[in-house]
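By convention in this document, chain letters (A, B, ...) are assigned in the order of the sequence lines, proteins followed by strands, and residues within each chain are numbered from 1. What you see below is based on every heavy atom in this structure, not just the backbone, and it leaves out hydrogens, waters and symmetry mates.
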There are 2 protein chains.
Amino acid sequence: MIDLRRVQVLRVLADRGTVTATAEALHLTPSAVSQQIRLLADDLGVELLERTGRNVRLTVAAHALLRHADALHEQWERARAELAVGSRVTGTLRLCGVSSAVAALMAPAVARLRRDFPELDVHVAEEESEDCFTLLLAGQADIAVVLPTAGTPPVDDARFDQHVLHEDPQDLLVWRGHPFAEGGGGGGGGDVDGVRLSDAAAENWIVKPRHNDTYDLLLAACSAAGFTPRVTHHVKEWFAVSALVAEGFGVCLLPRLVPVPGEHPVVRVPVRGNPRPVRKFLCCVRRGSGSHPALAEGVRALRAAVGRLPG
Amino acid sequence: MIDLRRVQVLRVLADRGTVTATAEALHLTPSAVSQQIRLLADDLGVELLERTGRNVRLTVAAHALLRHADALHEQWERARAELAVGSRVTGTLRLCGVSSAVAALMAPAVARLRRDFPELDVHVAEEESEDCFTLLLAGQADIAVVLPTAGTPPVDDARFDQHVLHEDPQDLLVWRGHPFAEGGGGGGGGDVDGVRLSDAAAENWIVKPRHNDTYDLLLAACSAAGFTPRVTHHVKEWFAVSALVAEGFGVCLLPRLVPVPGEHPVVRVPVRGNPRPVRKFLCCVRRGSGSHPALAEGVRALRAAVGRLPG
DNA sequence: GGTAATTACGCGAATCGTAATAATG
DNA sequence: CATTATTACGATTCGCGTAATTACC
């Protein structure tokens, strides 16, 4: 009869690309995934996969099926949400997000949720943005707070609802004693209202490695400001970045949400200019699920956490 | 995760009204039905059934779920149909219908289908109109040819697509020698163009028992013609009806699709007037499934059978 | 040789049926 | 007392995992 569980496997397969990765995402073995897809294909009487090299590729029939699957899942989510409206907020709510979102937004949001809805048990997982969408798709997470990248779905993807949760401005992090750090009516270029990025064109830059959203953000911002930064150090962890800045090896762009250890003699200097370098946190749910009470309260708590941010 | 099989059980339960009847329709035991509904309710976190006497009644939440279920199933049927378009007509096609539809329409239609599409194996089942819809709903039949009654769903029911396949006129069946049987320019009320029903107001009527579509049809037609028929005999089978007519015990309204044994000395006289008494055969499928190649060919074959009817 | 996908087969869990229980008309 | 629904428990089926096979890079 009607069995959407198998369609769900195909859906994740379309997201991940390989049977092995799909099995991983669904906590299954490649064998199970292969069998489910085969049974679905037999049931529908069409081929869904064709081998290409040692991988598989979805047929046009599979893609046609997926278009319908998106609509079906949306409808299903709406049904679930509508049924739950009015009843008490209970059950399980699973959040996932990138590290800075977990630390700065989810932690306080979850604290609030646990206080306001003791019957709701909330789970949090830190994952990369791309993986967050896979978790949503696989039904293993309900709300994701991510940063849009080339690997994340477009805003109008039929599988998700995405909206901007927070715009996180980037500060210029300099060592204590740096000209920019002398705020107020001081001499150099420093200013309480911030410095222009172009004023820092001559600095040495410390960055997180490539394929990191802040790396791309720096390049884009500097490009808009009319220069290419001289990148001298690549470091993975923010506390290591700020340590290097403290020692005067260079400056960096630091998201305001990211805290710096108190013992590091560094100064945050706001960046002004147009466009100001910001990274936008997106709040994402499976399309249609947003009106579910538990999810709605989760999103509300995240918004409240944004509202209670300092500054 | 997503499991529409349980929703399907609820759907049939809504159609049949009791757990026992649902189990019957799905070829299950009441135990299985009860358990599936319970699991579904637990999964959704809402009550779906409440006991009323020794039966059950669907809650408002259950009805809300069913509204979505109708849309989900339509979408699913559309997906299945779209995927099958273009590929060869194969698989299984299950027809059901009332007896006269089976005899006069389905038999020739199936013959044609078996000739044109040898890969398609076609099954036929004779069922009452109400049961035909249950078969469609339960996924145990694909096309139904029925007569609309008080117990069948309204035309705009979201679960089905219904359209008029054939209008079956009713003839007046009289014994040989009856005044109406003297066609041409004869004496009484007889006429090649038929007689008015009101001309037969004084006759004795033989009918199939109450709760039969032809019984209701007769009463409605006579009411429109301005009289109430004097019903003298109730008989179940048409051949027995015509036998009584042949013996001169009375007349009857006989659907043109129903054949009479050749040895019975009776005459069919067309009925004219406005509105002419006709019964309308409906061709019904699950909503959204109509564009599936096998179903489309089935419907086409039925239409062809209608076109090849005598007269 | 390492990786990806698909089989073949044995095991475990989900689901169904039987039987007993409760409640209604 | 017959009918309807639910629960408990044993049985069957379906689906997953392990392992072997094939194909590809």
State which of C:dC16, C:dT7, D:dC16 makes the closest approach to the side chain of B:Gln36.
-> C:dC16

When the nearest nucleotide of DNA chain D is assigned to B:Pro30 and to A:Thr52 on a heavy-atom basis, which residue is associated with the more 5' position?
-> B:Pro30

Looking only at side-chain atoms of A:Arg51, point me to the closest of D:dA5, D:dG17, C:dT6.
-> C:dT6

Would you mind reading off the distance between A:Arg57 atom CZ and C:dA4 atom C1', rounded to a whole angstrom?
-> 16 Å

Ignoring backbone atoms, establish whether A:Arg38 has a side-chain N or O less than 4.0 Å from OP1 or OP2 of C:dT7.
-> yes

Please give, in whole Å, the distance from D:dA8 P to B:Leu39 CG?
-> 13 Å

Can you name the nearest heavy-atom pair linking B:Ala138 to B:Leu26, along with the distance?
-> CB-CD2, 3.9 Å

In whole angstrom, give the distance that lies between atom CG of B:Leu58 and atom C1' of D:dA5.
-> 14 Å

Contact nearer the 5' end of DNA chain D, comparing A:Arg5 with A:Gly53 | A:Arg5

Does any N or O donor sit under 3.5 Å from an N or O acceptor when you compare the side chain of B:Arg54 with the base of D:dT4?
-> no

Going by an N to O cut-off under 4.0 Å, is there a salt bridge joining B:Asp42 and B:Arg38?
-> yes

Pair of N/O donor and acceptor under 3.5 Å linking D:dT7 base with B:Ser31 side chain = yes

What is the distance from CG of A:Leu40 to P of D:dC14, rounded to the nearest Å?
-> 17 Å

Residues B:Arg67 and A:Glu82 bridged, charged N to O under 4.0 Å | yes

B:Leu49 CG to D:dA5 C1', straight-line distance once rounded to whole Å | 10 Å

Please determine, for the side chain of B:Thr29, which listed nucleotide (C:dA5, D:dT4, C:dT18) has the closest atom?
-> C:dT18

Below 4.0 angstrom, N of the basic side chain to O of the carboxylate: do B:Asp156 and B:Arg287 qualify?
-> no

Which of these nucleotides, D:dT4, D:dT7, C:dA8, is closest to any side-chain atom of A:Gln35?
-> C:dA8

Applying side-chain contact (heavy atoms from CB on, under 4.5 Å), run through B:Val46 and B:Thr59 and close with a yes or a no.
-> CA-CA 9 Å; B:Val46 294; B:Thr59 64; over 6 Å; no

Would you tell me if any nitrogen or oxygen in the side chain of A:Thr20 comes within less than 4.0 Å of OP1 or OP2 on C:dA5?
-> yes

Considering only heavy side-chain atoms of A:Ala32, the closest of D:dG15, D:dG17, C:dC16 is D:dG17

Nearest-Å distance for atom pair CD/C1', residues A:Glu24 and C:dA5 | 15 Å

Distance, rounded to the nearest Å, where B:Asp43 contributes CG and C:dT15 contributes C1' = 15 Å

Could you tell me the separation between the CG atom of B:Leu28 and the P atom of D:dT12, rounded to a whole number of Å?
-> 17 Å

